[in-house]
Amino acid sequence: MSFPLLTVTAAVPAVGAVVTAAVPAARREAAKWIALAFSLATLVLAGVQLTRFDPDAKGPFQLTESHAWISDFGVRYELGVDGIGVVLVALTALLVPFVVLAGWHDADPLESASPNRRWRPTQGFFALILMVEAMVVISFEATDVFLFYVFFEAMLIPMYFLIGGFGDRAGERTEDEAARQRSYAAVKFLLYNLAGGLVMLAAVIGLYAVTADQLGNGTFSLQEIVQARASGRLQFATVTERALFLGFFFAFAVKAPLWPVHTWLPNAMGEATAPVAVLITAVVDKVGTFAMLRFCLQLFPGASKWATPVIVVLALISILYGALLAVGQRDIKRLIAYASISHFGFIILGVFVMTTQGQGGATLYMVNHGISTAALMLVAGFLISRRGSRLIADYGGVQKVAPVLAGTFLIGGLATLSLPGLAPFVSEFLVLVGTFSRYPVAGAVATVGIVLAALYVLVLYQRTMTGPVKESVRSMPDLRVRELAVVAPLIALLLFLGVYPKPVTRILDPAVEHTMSQVHRTDPEPDVRVSNAEGAK
């Protein structure tokens, strides 16, 4: 039997979580190094996945594993990766070591707190981060719908404790007030995502009932269902297919998040520490957009095309709404949260315009957004930890006292507004090209989001980094070695992928073409109008 690379890649951070949690309370520093070591081991395994993945191979999935699990209900332990899955596993494995390094002191005891609140379980903080990584990785690898659902829901538990138990310390708030706001954000995150998960569970059960009725034996295998539909052995009634699609899509729209089920994200990112905020928006939320491609489009192609006009409108609202609210924010972290809502609108728009350029841009955007948001949010976290405030008005003139911090903040911001030469520009350009080719009005509306992005990013930089040096930031130190080790690789990736995205697009493109073939969509013919004189030539 071949080496179960996909299982091991997901199991290593899970084992690391257990080992880290078991470290004695007095050995906090050892727990940090153990968590970092396991996250780096996962990165190595993700790199092995990339090297073993062949973009030119036939078939939708590679490195597959399949074992019986709950045979009576047709549930199997099935894993496999296509180009999109293997790249997102690599993105997750890449970002988690930076999350661990950036959060090195986020769970240290609070010396300024009252005696009964000083203790913060450092081991638990890093163990929860590794557990989230394990569940996200296996979600990107699962090709059994039930297996995917289990981990899609299970990742909510460690995220709930990371938000509620290890929240942001910044701000002039009492301990009780900060605890209440963290609790509110964590509960809101959990309730929204649980609601989406429960709706999806009903759709999962409905999918099993349909397969059991028509195939004789119920199954949750994505490949079996897709093949049965292609051969005509499995046929959904129109109403049934649409109802099942909506059940899946609602859960993924909450996770993504898409307007109007997005309101949990600004609260969660605002109250979480900066590394946990990166974990939310750059890692966990990608499961939602990924699942739209893997499950919604491939299981329910007819319903996906039926729902496209409405979803395109919702994506456009997300783009404009998120950007407009980002412009008016006074809180740095909430500004980045609303910017992410706008960016997720671009990703979902690219997925559902169903063109090669649109979906290729959307999948690349998942990667580039993860890197750019991580860079911007982590630098913002370093800035906030120095001043102790998330309010934009409390800063000014930082570039004169901490030029490296200001420079990296600027590059992260410029990547967020998709400046040409930085990675997000390529993906956003492809999304817009794909949108214009099928929905030119939607493409024109989405372009407004780019203008607004320039506004909120440049205003943020101007208010925090330029102008007279405020007394409260006059003694602010520049980035330290550990912080540079976090930010520098992310900045380098933004520059490299902005100039040469081919290593990523070569892996993603075959998976995009396969998805397009599953929904029976082709790119629209170009509208070429030739004059009679030119035609005669």
Side-chain angles (χ1 to χ4, degrees), residues 69-70 72-78 85 135-136 138-156 190-230 233-262 264 284-311 314-315 348 351-352 354 515 518-519:
W69 184 16
I70 311 174
D72 292 342
F73 295 98
V75 180
R76 296 186 62 81
Y77 178 80
E78 284 192 349
M135 292 177 178
V136 170
I138 204 166
S139 296
F140 289 139
E141 298 173 344
T143 58
D144 182 277
V145 176
F146 187 84
L147 178 67
F148 170 83
Y149 174 77
V150 169
F151 289 97
F152 180 81
E153 287 291 273
M155 70 178 70
L156 302 180
L190 188 64
L191 290 179
Y192 267 69
N193 284 274
L194 277 179
L198 289 174
V199 173
M200 181 181 170
L201 177 60
V204 168
I205 295 171
L207 179 65
Y208 176 82
V210 173
T211 58
D213 179 60
Q214 297 192 31
L215 301 179
N217 293 312
T219 180
F220 293 103
S221 171
L222 175 65
Q223 295 188 75
E224 286 186 25
I225 295 171
V226 170
Q227 291 170 3
R229 294 207 66 174
R233 294 185 298 116
L234 178 63
Q235 296 180 350
F236 290 107
T238 301
V239 174
T240 302
E241 182 180 3
R242 292 176 180 179
L244 295 178
F245 167 84
L246 291 174
F248 277 76
F249 179 79
F250 179 73
F252 304 151
V254 173
K255 183 80 77 179
L258 178 69
W259 184 92
V261 288
H262 67 284
W264 62 268
V284 172
D285 288 354
K286 297 298 184 298
V287 178
T289 50
F290 164 80
M292 291 177 187
L293 280 163
R294 172 163 286 188
F295 297 106
C296 285
L297 268 60
Q298 296 194 45
L299 290 175
F300 316 110
S304 298
K305 288 184 281 189
W306 162 76
T308 289
V310 174
I311 296 173
L314 294 177
I348 296 170
V351 169
F352 280 91
M354 296 189 191
T515 303
Q518 292 296 315
V519 294

Heavy-atom check, side chain of Q235 versus side chain of T240, under 4.5 Å
no

Would you please classify the geometry between the F73 ring and the Y208 ring as parallel, tilted or perpendicular, with 30° and 60° separating the classes?
tilted

Are any of the side-chain heavy atoms of F236 and Q214 separated by less than 4.5 Å?
no

Tell me whether the centres of the aromatic rings in F249 and F352 are closer together than 6.0 Å.
yes

Are M292 and I348 packed together at the side-chain level, in the sense that at least one heavy-atom pair is separated by less than 4.5 angstrom?
yes

Could you tell me if the side chain of L297 sits less than 4.5 Å from the side chain of V351, heavy atoms only?
yes

Identify the heavy atoms of C296 and F248 that sit nearest to each other, and give their distance.
SG-CB, 4.0 Å

Smallest heavy-atom separation, T219 atom then T211 atom, equals N-OG1, 3.2 Å

Distance, nearest 0.5 Å, that separates CG of L258 from OG1 of T289
11.0 Å

If you round to the nearest 0.5 Å, how far is CH2 of W264 from OH of Y192?
11.0 Å

For the student: nearest non-hydrogen atoms of A256 and D285, plus distance:
O-CB, 3.2 Å

Are any non-hydrogen side-chain atoms of E153 and L201 less than 4.5 angstrom apart?
no

Just do the side-chain contact (heavy atoms from CB on, under 4.5 Å) check on F252 and M200 with the steps written out, would you?
CA-CA 9 Å; F252 304 151; M200 181 181 170; 3.8 Å; yes

Return yes if some donor-acceptor pair links the side-chain N/O of R229 with the main-chain N/O of L299 below 3.5 Å, else return no.
yes

Using a strict 4.0 Å threshold on nitrogen-to-oxygen distance, state whether R76 and E224 make a salt bridge.
no

Return the CG to CG distance between L147 and L222, rounded to the nearest 0.5 Å.
12.0 Å

Ignoring hydrogens, what is the shortest heavy-atom contact between A251 and F152? Give both atom names and the distance.
O-CZ, 3.8 Å

Between V254 and G196 the two heavy atoms that sit nearest each other are CG2-CA, 4.5 Å

So, the side chain of E241 versus the backbone of A303: is there a donor-acceptor pair under 3.5 Å, distance only?
yes

Mind listing the closest non-hydrogen atom pair of V210 and L234 along with its distance?
CG1-CD1, 3.9 Å

Do Y77 and D144 come within less than 4.5 Å of each other through their side chains, counting heavy atoms only?
no

May I ask you to test the V136-M155 pair for a side-chain heavy-atom distance under 4.5 Å?
yes

Contact between F151 and V287 at the side-chain level, heavy atoms closer than 4.5 Å - yes or no?
no

From E78 CD over to W69 CH2, what is the distance, rounded to the nearest 0.5 angstrom?
12.0 Å

Evaluate the ring planes of F245 and W306, with Trp represented by its six-membered ring, and classify them as parallel (under 30°), tilted (30 to 60°) or perpendicular (over 60°).
perpendicular

Hey, what's the ring geometry for F148 with F295, parallel, tilted or perpendicular (30° and 60° as the breaks)?
tilted

Separation of N193 CG from K255 NZ (nearest 0.5 Å):
4.5 Å

Here the gap from S221 atom OG to Q227 atom CD, rounded to the nearest 0.5 Å, amounts to 7.5 Å

